[in-house]
Participant: 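Submitted below is the structure of interest, expressed as structure tokens.
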Amino acid sequence: MFAACRGSAEEAEAAFLESQEALSAKDYPAAAEAALRAVEAAPDHADAWIILGIANSRQQNWTEAIEAYEHAIEINPLQKKALNNLANVYFRQGRYADAAVWYGEALEVDPDYLLASFHYGWTLRQLNRLDEAEKVFQHCKEIPASSDRERMTHLDCHFYVGSIKFRKGEYRSAARIMEEVLSARPGHSEARYFLGLSYRKMGRFDEAAEQLEIHRQMLQAMRAVPIPEPVDE
């Protein structure tokens with residue numbers, strides 16, 4: 001539990017600025033300590049609660065992170081970053097049903113929240129809610145991208161649509177999508193694997209063998225591309 005003892009607004013702001021600097025320097029214990037001083041001085045400082053949540057999350061102090069984000073949400077139920085970050089904590093713990101709830105809440109506030117949309121789709125896929133996941137990933141691809149990172153997220157959304165098509169037995173659609181992903185990112189080993197499996201299901205055995213051999217060689221040189229871990233904002 002976090003103790004609350006009100007101090008001056010100046011003390012709260014000074015501690016908050018200190019927490020921001022420590023967070024930028026990736027000194028998470030110092031960021032948590034300064035953010036805690038900020039919220040003790042000003043319990044309604046939502047931004048300080050968010051930094052406290054981020055600093056604890058980065059240290060895998062899950063209970064403290066959850067409580068901090070919940071405080072920020074109590075102060076402002078429309079704080080989309082706090083909603084998204086709370087979902088991220090559950091995501092990292094593998095608690096996908098809980099994560100899906102809070103990603104959904106973040107998207108209620110901002111339907112075009114790209115990273116929340118991507119990870120919401122991924123959690124729905126993990127929960128085998130494939131039709132819902134596909135719909136979310138399709139929307140994710142339509143959200144405007146303003147950076148290379150966001151354009152990469154678009155590509156990831158496209159890949160997961162293809163993986164869902166494969167799981168639903170729509171092998172031609174899955175193969176087409178994997179071809180498009182590989183056209184943009186030839187080193188995407190998972191797309192290469194799904195393309196090979198899709199070709200095999202379609203009876204294109206020589207092409208399947210070729211793609212799966214490329215995939216095998218890729219795995220010898222690198223690890224398979226993992227699901228990007230959500231980043232608190």
Participant: Testing the basics here: between Tyr199 and Ala175, what is the closest heavy-atom pair and its distance to 0.1 Å?
Facilitator: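 Nearest heavy atoms, Tyr199 then Ala175: CE2-CB, 4.2 Å.
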Participant: Do Lys80 and Glu108 make a side-chain contact, defined as non-hydrogen atoms from C-beta onward lying under 4.5 Å apart?
Facilitator: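 Side-chain contact under 4.5 Å: no.
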Participant: Looking at Ala31 and Ala22, what are the two nearest heavy atoms and their distance?
Facilitator: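 Taking Ala31 first and Ala22 second, the nearest heavy atoms are N-CB, 3.5 Å.
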Participant: Does Glu18 form a salt bridge (charged side-chain N to carboxylate O under 4.0 Å, His left out) with Arg37? I'd like the steps, not just the answer.
Facilitator: CA-CA 10 Å; Glu18 185 180 333; Arg37 284 190 280 112; 2.8 Å; yes
Participant: Treating Ile, Leu, Val, Met, Phe, Trp and Tyr as nodes and any side-chain heavy-atom pair under 4.5 angstrom as an edge, say whether Leu115 and Ile143 lie in one connected cluster.
Facilitator: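 No, Leu115 and Ile143 fall in different hydrophobic clusters.
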Participant: Show the nearest heavy-atom pair for residues His154 and Ala145, with the distance to one decimal.
Facilitator: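 Here His154 and Ala145 meet closest at CE1-CB, 3.6 Å.
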Participant: How long is the straight-line distance from SG of Cys157 back to CD of Gln138, given to the nearest 0.5 Å?
Facilitator: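 Separation between the atoms: 9.5 Å.
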Participant: Report yes or no: do Phe118 and Ile164 belong to one cluster of Ile/Leu/Val/Met/Phe/Trp/Tyr joined by side chain heavy-atom distances under 4.5 Å?
Facilitator: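 Yes: a chain of side-chain contacts under 4.5 Å links Phe118 to Ile164.
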Participant: Which pair of heavy atoms, one from Ser163 and one from Arg125, lies closest together, and at what distance?
Facilitator: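 Minimum heavy-atom contact is OG-NE, 3.0 Å.
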Participant: Before giving the answer on side-chain contact (heavy atoms from CB on, under 4.5 Å), spell out for Asn88 and Arg92 the whole-Å C-alpha distance, their side-chain angles and the decisive distance to 0.1 Å.
Facilitator: CA-CA 6 Å; Asn88 289 348; Arg92 293 191 183 101; 3.9 Å; yes
Participant: Taking a hydrophobic cluster as the set of Ile, Leu, Val, Met, Phe, Trp and Tyr residues connected by side-chain heavy atoms closer than 4.5 Å, whether directly or through intermediates, do Tyr28 and Leu36 fall within one such cluster?
Facilitator: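 Different clusters: Tyr28 never reaches Leu36 through Ile, Leu, Val, Met, Phe, Trp or Tyr contacts under 4.5 Å.
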Participant: When clusters are formed by joining ILVMFWY residues with side-chain heavy atoms under 4.5 Å apart, either directly or through shared neighbours, do Val89 and Tyr113 land in the same one?
Facilitator: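 Looking at the clustering, Tyr113 is in a separate group from Val89.
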Participant: Compare every heavy atom of Ala106 with every heavy atom of Ala116, then report the nearest pair and how far apart it is.
Facilitator: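 Closest heavy-atom pair between Ala116 and Ala106: CB-CB, 4.3 Å.
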Participant: For Arg200 and Asp206, indicate whether the former's side chain and the latter's backbone hold a donor-acceptor pair under 3.5 Å.
Facilitator: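 Between the backbone of Asp206 and the side chain of Arg200 there is no qualifying donor-acceptor contact (under 3.5 Å).
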Participant: Taking only residues two or more places apart in sequence or in another chain, which ones pass ring pair (Phe, Tyr, Trp, His ring centres under 6.0 Å) with Tyr96?
Facilitator: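 Checked Tyr96 against ring pair (Phe, Tyr, Trp, His ring centres under 6.0 Å); matches are Phe91, Trp122.
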Participant: Return the CD to CG distance between Glu142 and Leu114, rounded to the nearest 0.5 Å.
Facilitator: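 Between Glu142 CD and Leu114 CG, I get 12.0 Å after rounding to 0.5 Å.
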Participant: Do side-chain atoms of Asn56 reach the backbone of Leu52 as a donor and acceptor pair under 3.5 angstrom?
Facilitator: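 Present.
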Participant: Compute whether any side-chain donor of one residue and acceptor of the other, for Gln211 and Glu207, lie under 3.5 angstrom apart.
Facilitator: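 There is no such pair (donor and acceptor under 3.5 Å, judged by atom type) between the side chains of Gln211 and Glu207.
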Participant: Look at the side chain of Gln79 and the backbone N and O of Lys81, then say whether any donor-acceptor pair between them is shorter than 3.5 Å.
Facilitator: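 Flag set: sc Gln79 to bb Lys81 pair under 3.5 Å.
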Participant: Strictly distance-based, threshold 3.5 Å: is any side-chain N or O of Thr123 a donor or acceptor partner for the main-chain N or O of His119?
Facilitator: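 The answer is yes, because a donor-acceptor pair under 3.5 Å joins these two groups.
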Participant: Quick check: closest heavy atoms across Ala35 and Ile51, and the distance to 0.1 Å?
Facilitator: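 Result for this residue pair: CB-CG2, 4.0 Å.
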Participant: So do the side chains of Tyr160 and Ile177 get within less than 4.5 Å of each other, counting heavy atoms only?
Facilitator: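 In short, these two side chains do not touch, never coming nearer than 4.5 Å.
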Participant: Give every donor-acceptor pair under 3.5 Å between a side-chain atom in residues 129-137 and any protein atom, sequence neighbours left out.
Facilitator:
| residue | atom | partner | partner atom | Å |
| --- | --- | --- | --- | --- |
| Arg129 | NE | Glu132 | OE2 | 2.9 |
| Arg129 | NH2 | Glu132 | OE1 | 2.9 |
| Asp131 | OD1 | Lys168 | NZ | 2.9 |
| Glu134 | OE1 | Lys168 | NZ | 2.8 |
| Glu134 | OE2 | Lys165 | NZ | 2.7 |

Participant: Is it the case that atom CZ in Phe16 sees more than 12 heavy atoms from other parts of the structure closer than 6.0 Å?
Facilitator: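 More than 12 within 6.0 Å, yes.
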Participant: Given side chain to side chain donor-acceptor pair (under 3.5 Å), test Lys141 with His158 step by step and report yes or no.
Facilitator: CA-CA 7 Å; Lys141 295 192 302 178; His158 197 40; 3.0 Å; yes
Participant: Would you give the length of the straight line joining atom OH of Tyr69 to atom CD1 of Ile50, rounded to the nearest 0.5 angstrom?
Facilitator: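 That separation rounds to 8.0 Å.
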Participant: If hydrophobic clusters are built by linking Ile, Leu, Val, Met, Phe, Trp and Tyr wherever their side-chain heavy atoms come under 4.5 Å apart, do Val101 and Leu127 end up in the same one?
Facilitator: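 In one cluster: no.
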Participant: Kindly indicate whether the side chain of His45, heavy atoms from C-beta on, has any atom under 4.5 Å from the side chain of Glu13.
Facilitator: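 A side-chain contact exists here, since the closest heavy-atom pair is under 4.5 Å.
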Participant: With distance as the sole test, does Ser57 use its side chain to make a donor-acceptor pair with the main-chain N or O of Gly53 at under 3.5 Å?
Facilitator: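 Between the backbone of Gly53 and the side chain of Ser57 there is no qualifying donor-acceptor contact (under 3.5 Å).
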Participant: Side chains of Trp102 and Asn84: closer than 4.5 Å at any heavy-atom pair?
Facilitator: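 No. Closest side-chain heavy atoms not under 4.5 Å.
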Participant: For the side chain of Glu67 and the backbone of Glu64, is there at least one donor-acceptor N/O pair under 3.5 Å apart?
Facilitator: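 The answer is no, because no donor-acceptor pair under 3.5 Å joins these two groups.
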Participant: Closer than 3.5 angstrom, by distance alone: can the side chain of Gln59 be matched with the main-chain N or O of Ala55 as a donor-acceptor pair?
Facilitator: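 Between the backbone of Ala55 and the side chain of Gln59 there is a qualifying donor-acceptor contact (under 3.5 Å).
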Participant: Taking Ala209's backbone N and O only, do any of them form a donor-acceptor pair with Glu213's side chain (distance below 3.5 Å, no angle check)?
Facilitator: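 Not confirmed, Glu213 side chain does not pair with Ala209 backbone.
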Participant: In Å and rounded to the nearest 0.5 Å, what is the NE2 to CZ distance from His188 to Phe194?
Facilitator: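 With rounding to 0.5 Å, NE2 (His188) is 10.0 Å from CZ (Phe194).
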Participant: Mind running salt bridge (charged side-chain N to carboxylate O under 4.0 Å, His left out) on Arg149 and Asp156 for me, showing each step along the way?
Facilitator: CA-CA 10 Å; Arg149 177 191 179 193; Asp156 288 331; over 6 Å; no
Participant: Counting C-beta onward and ignoring hydrogens, is there a side-chain heavy-atom pair between Asp148 and Met152 closer than 4.5 Å?
Facilitator: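 No, every pair of side-chain atoms sits at 4.5 Å or beyond.
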Participant: Please round to the nearest 0.5 Å and tell me the distance separating atom CG of Leu155 and atom CZ of Arg151.
Facilitator: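 That separation rounds to 12.0 Å.
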Participant: Ignoring hydrogens and angles, tell me if any N or O in the side chain of Trp49 forms a donor-acceptor pair with the backbone of Ala82 under 3.5 Å.
Facilitator: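 The answer is no, because no donor-acceptor pair under 3.5 Å joins these two groups.
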Participant: Nearest 0.5 Å, what's the CD1-CG distance between Ile66 and Asn85?
Facilitator: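 Going from CD1 on Ile66 over to CG on Asn85, the span is 12.0 Å.
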